[in-house]
Amino acid sequence: MSILEGLNPEQHAAVTHGEGPLLILAGPGSGKTRVIAHRIAHLIDEGGVAPGRVMAVTFTNKAARELRDRVEALLGSLARGITLGTFHAVCARILRVDGEQIGVPHAFVIYDDSDQMALIKRITAELSLDPRQHAPRAILSVISRAKSELATPTAFAEGVSSYFEEVVARVFSRYEALLAENAALDFDDILVKTVTLLRDVEAIRDRYQERYEHVLVDEFQDTNVAQYVLARLLAPPPAANICVVGDPDQSIYSWRSADIRNILNFERDYPKTRVVRLEQNYRSTQTILDAAQRIIAANRERKEQSLWTEKGRGDPIVVYEAYNEEEEAAFVAGEVRRMAREGSHLGDVAVMYRTNAQSRALEERFVAERLPYRLVGGTRFYERREIKDLLAYLRLVLNPFDSISLGRVLNVPSRRIGDRTQQELSAWAQSLGVPAYTALQMLAGSGEAPRDSEAQPPRLLSILDAPVESPFATPAKAALLGFLSLLNELIAEAPVLTVSRLLTLVIERTRYRDYLTDQFPVDGDERWENVQELRNVAAQFDELEPEQALMRFIEDVALMSDTDEYDEKIDAVTLITLHAAKGLEFPVVMIVGMEEGLLPHIRSFDDPAQMEEERRLCYVGLTRAKDRLYLLRAFRRALMGQGSHNPPSRFLKDLPPELVHQAQQNVEGAYRRPTARQRQPAWSTAASVASGRPSEGSHGPQAHPERFQSSEGSHGPQAHPERFPSNQGSHVPEGHHERVWSDEPQPRALAALFAAGEHVRHARFGEGIVVTAAATASGADQEVTVAFKGEFGVKKLLLSFAPLERLDHH
DNA sequence: CGCCGTACGGTTTTT
DNA sequence: CCGTACGGCG
């Protein structure tokens with residue numbers, strides 16, 4: 001097959017552009033992955049470029065696999081020589097080879113989000129910061145952004161402009177020191193250290209610049225500063241062969257420090273850039289495209305882009321207003337069933353949502369109906385407790401200085417090393433200025449050191465031989481030494497074991513299976529299955545030499561989200577967040593939760609830039625659909641246990657009516673009332689006459705005939721008494737009857753609105769003054785910021801939650 | 001001092 | 001609803 005066959009003129013230009021910088025502005029569904037693949041193939045096949053001299057960087061591992069598959073289809077095994085992967089994967093590989101030149105430990109471990117949080121929490125405790133005032137999550141986010149912009153703690157400290165940033169600067173500096181002590185890199189480090197390496201070590205920079213004749217970057221709108229600097233180091237301006245592909249309208253990762261300015265700066269940094277626009281859409285119907293463009297057109301910060309298709313109008317967009325999230329899920333399931341009956345595959349359908357929590361209602365319905373589904377994201381395999389525990393043991397074998405992993409498994413399974421002893425250990429280690437592992441060795445004294453010189457555990461200092469005063473009581477000391485000798489045994493055995501054998505050894509020595517059965521009587525078996533699955537994954541590395549294998553296994557696990565990993569062969573409906581759906585396409589897309597507060601998310605309300613990003617996110621969702629698009633919203637929705645009512649999304653209002661079909665309830669999706677176990681509204685006693693449990697098949701459209709005459713506002717608590725029969729037949733545990741549930745915002749919230757300047761009293765926080773008071777999206781509640789006297793300071797409170805009363809003020 | 005139960009507070013998106 | 005914080009018990 002010819003590489004240039006079947007390309008349209010725009011695509012042809014992008015594929016055949018030879019030397020020099022190239023910017024491809026690729027609209028959704030414009031065949032951009034195909035263009036990149038063909039461009040690579042063309043360079044190699046026609047331009048005589050050696051595969052080893054091409055680097056292609058993608059955003060996800062999945063995209064990397066897809067690209068490799070496409071290139072392989074064009075070039076065969078030649079494609080194997082190409083350097084192809086995510087920025088993080090490519091950089092990690094570079095650091096393993098050359099990182100030691102700038103002091104990166106060869107056996108570094110990678111800290112993920114939860115490891116970072118653990119580190120930050122340890123530091124805030126060390127500095128005795130109040131987590132209420134200085135939320136670890138907020139601190140980490142500032143640090144991460146600073147790092148992605150290549151700031152050092154010193155540089156950051158010089159630029160602080162608030163007390164909070166001052167605090168962050170102190171944490172930042174300690175954070176970096178601890179990462180170094182633990183021989184760990186966080187996600188940002190993987191990029192930052194590679195930048196440092198290429199920037200500071202000329203010989204290495206020259207080597208990589210020479211090696212990579214062509215650099216390609218996909219999803220360029222979502223790169224951060226470090227990534228762009230890295231790309232420039234590999235392909236220096238003004239004339240290098242760099243090809244970046246992106247779409248500013250699909251930039252949805254600014255919260256992860258993606259910097260949309262990169263795409264704007266590109267033409268400035270590479271003045272000879274050739275710009276190619278791919279505007280023909282091969283994916284969606286004209287109707288879907290029109291709707292998407294109408295939504296994105298409302299953004300002010302954007303360049304005009306006009307998409308077109310030859311695909312024809314297709315079906316109208318189906319808009320459906322469900323009563324609540326359960327009925328929303330029921331409608332989804334009903335439509336899926338109907339389509340399946342009409343010959344569609346379940347795999348053709350994706351259900352998309354803004355937040356992971358929204359998958360719950362869908363899953364429950366799918367399980368109840370025995371509809372196969374595939375949940376992308378959610379609690380990821382590698383985030384499961386049992387998996388993290390065992391990986392922590394393996395990480396310790398590779399790098400015992402990793403004190404986060406050490407802290408994780410020091411008492412798992414229980415060795416009777418409690419909080420007190422653990423705190424004592426880290427304080428003691430800190431006072432000695434050594435990692436926890438070294439402190440343990442010192443505790444053991446020189447007699448503990450293994451005889452086998454080849455398998456000697458790493459040592460930092462020669463102080464080990466000196467006698468030490470430790471703060472531990474005898475039982476605590478014995479327990480700690482027990483752990484140390486276990487760890488040293490694992491370290492000693494590791495060099496001659498495959499990864500899967502090592503894992504087995506860990507499981508045996510820790511009696512991990514017994515631990516699971518004892519501690520998790522309900523789901524212990526399921527957890528054990530996960531452990532076995534982990535062993536299967538580990539076995540894939542058994543061919544390699546042991547140290548390499550262990551390193552690669554742990555690294556792959558850290559850099560691979562299993563969003564990338566799902567099995568596409570099973571015919572199942574895909575449940576996925578809008579973010580994770582980027583780059584994918586489906587014949588049928590159903591977006592649920594088209595509501596103010598959800599999409600756009602409430603956190604974007606006070607920032608126009610963030611609001612524009614929500615709009616782009618919505619645009620990304622719409623443009624995933626090839627043939628049919630459903631937009632759903634629920635009239636009521638339980639969010640975090642509280643009932644709430646969200647108005648329809650502003651994005652729905654942007655849709656031209658002629659593109660939309662307002663759906664009525666489908667028969668299959670007929671709403672079944674909540675089961676007795678579910679929450680019971682406050683007025684249920686008044687409605688307890690309602691019929692009992694719906695028998696199978698008794699459901700139907702008649703269940704609530706009067707709904708939705710008007711979509712807004714008129715529904716009081718009594719509007720649907722029949723759908724909330726009493727919890728007849730259910731068992732309400734003693735003591736629970738006092739609890740009043742309501743699906744409505746509390747009336748008292750409406751009765752007691754506050755205004756700025758008023759004096760108030762909170763049951764716990766005492767007296768204070770209202771700083772700001774703003775209605776929430778629903779209008780039925782208020783978010784009040786109060787400055788309290790005394791140690792509590794400024795707090796944001798939701799009126800419907802907070803026991804807040806007005807004080808008379810003179 | 002460690003473990004287990006209950007209360008409480010926070011709540012987006014992920015390489 | 002879920003994970004963390006705290007308090008009582010062994």
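Both backbone and side-chain heavy atoms feed into the values below; hydrogens, waters and symmetry mates do not. Letters go in sequence order (proteins before strands), and every chain restarts at 1.
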Out of [options], which has the shortest distance to the side chain of [X]?
X: A:Thr355; options: B:dT13, B:dG2, C:dC2; value: B:dT13
X: A:Ala580; options: B:dT14, B:dT15, B:dT12; value: B:dT14
X: A:Gln519; options: B:dC4, B:dT13, B:dT15; value: B:dC4

Is any side-chain nitrogen or oxygen of [X] closer than 4.0 Å to OP1 or OP2 of [N]?
X: A:Arg420; N: B:dC1; value: yes
X: A:Asn356; N: B:dT13; value: yes
X: A:Thr421; N: B:dG2; value: yes
X: A:Ser414; N: B:dC3; value: yes
X: A:Thr577; N: B:dT14; value: yes

Toward the 5' end of DNA chain B, which comes first, A:Gly418 or A:Gln610, by nearest nucleotide?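 Nearest nucleotide further toward 5': that of A:Gly418.
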Against A:Asp389, only a single residue in A:Arg408, A:Arg395, A:Arg527 fulfils salt bridge (Lys or Arg N to Asp or Glu O under 4.0 Å); can you say which?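 Of the listed residues A:Arg408, A:Arg395, A:Arg527, the salt bridge (Lys or Arg N to Asp or Glu O under 4.0 Å) partner of A:Asp389 is A:Arg408.
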For a quick check under 3.5 Å, do A:Asp186 and A:Tyr175 share a side-chain donor-acceptor pair by atom type?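 Short answer, yes.
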Once hydrogens and angles are ignored, does a donor-acceptor distance under 3.5 Å link the base of B:dT13 to the side chain of A:Arg354? yes
Flag the pair A:Phe187 / A:Tyr111 as yes when their ring centroid distance falls below 6.0 Å, and as no otherwise.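 Distance test on ring centres: not under 6.0 Å, no.
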Aromatic-base stack, A:His601 on B:dT12, cutoff 5.5 Å, angle under 30: yes
Rounded interatomic separation in angstrom, taking CG from A:Asp518 and C1' from B:dC3: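 That distance rounds to 14 Å.
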Taking atom P of B:dC3 as reference, at what distance in whole Å does atom CD1 of A:Ile417 sit?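 After rounding, the reported distance stands at 9 Å.
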Under 4.0 Å, heavy atoms only, any strand: does A:Phe59 hit a base, just the sugar-phosphate, or nothing? sugar-phosphate
Looking across every strand, which nucleic acid part, if any, lies under 4.0 Å from A:Asp112 by heavy atom: base, sugar-phosphate, or nothing?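 Touches nothing.
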Does the A:Asp189 side chain pair with the main chain of A:Lys193, one donor and one acceptor, at a distance under 3.5 Å?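 Judged by distance alone, no pair lies under 3.5 Å.
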